[in-house]
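A quick write-up on the structure given underneath.
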Amino acid sequence: QVQLVESGGGLARAGDSLMLSCAASGRIGTTYAMGWFRQAPGKEREPVAAITWDGATTDYADSVKGRFTISRDNGKNTVYLQMNRLKPEDTAVYYCAVHNEYSPYRGLEYRSYDYWGQGTQVTVSS
């Protein structure tokens, strides 16, 4: 079993920055991609960003390109999401997830992910 624990969410004002962290533990492989997704009230879960196990490839939703940066520290089994120039429409619960280790990388496709964290709330006021 794999456990994912997100942290770093909270309240912010438009234009502020927040950094989310997600620590993975348990029976996790060594070549897994990871991703961030978010879900706003009344909306479907949507992809935010993803990163391959070696960090060589990153993918972003159009809505966050140029503002958010995903990174990882494999020594700590942790993935980060640096969120800059936040907007009220970024308000959502943010989830990190572990990509299936044996499937082709499809970073922004939620069906490619096997394990999910509990989520952390990010609220951005105008």
Pair N84, S17: side-chain N/O donor-acceptor within cut-off below 3.5 Å: yes
Test log, rule ring pair (Phe, Tyr, Trp, His ring centres under 6.0 Å), inputs F37 and W116: CA-CA 10 Å; F37 292 74; W116 295 80; 5.0 Å; yes
Donor-acceptor contact below 3.5 Å, side chain R85 vs main chain G66: yes
Residues Y105 and N100: side-chain donor-acceptor under 3.5 angstrom: no
Hphob cluster co-occupancy, Y32 + L81, side-chain heavy atoms under 4.5 angstrom: yes
Chi angles and distances behind the side-chain contact (heavy atoms from CB on, under 4.5 Å) call for T120, V93: CA-CA 5 Å; T120 185; V93 177; 6.0 Å; no
Between T91 and E89, a side-chain donor and acceptor under 3.5 Å: no
Main-chain N/O of G107 paired to Y113 side chain as donor or acceptor, under 3.5 Å: yes
Single-linkage hydrophobic cluster, 4.5 Å side-chain cutoff, V2 and V79 together: yes
Test item: H99 side-chain N/O and G35 main-chain N/O as donor-acceptor pair under 3.5 Å: no
Whether E6 side chain and G119 backbone form a donor-acceptor pair below 3.5 Å: yes
Residue pair Y95, R45: steps toward the side-chain contact (heavy atoms from CB on, under 4.5 Å) verdict: CA-CA 9 Å; Y95 300 89; R45 190 171 299 191; 3.7 Å; yes
Y80 reachable from M83 in the ILVMFWY side-chain graph, under 4.5 Å edges: no
Worked check of side-chain contact (heavy atoms from CB on, under 4.5 Å) between V48 and Y60: CA-CA 6 Å; V48 176; Y60 297 93; over 6 Å; no
Backbone N/O of Y110 and side chain of S112: donor-acceptor pair under 3.5 Å: no
SB check D90 R38 (cutoff 4.0 Å): yes
Any donor-acceptor pair under 3.5 Å from S126 side chain to P88 backbone: no
Worked verdict on T123 versus Q121 for side-chain contact (heavy atoms from CB on, under 4.5 Å): CA-CA 6 Å; T123 303; Q121 177 71 47; 3.3 Å; yes
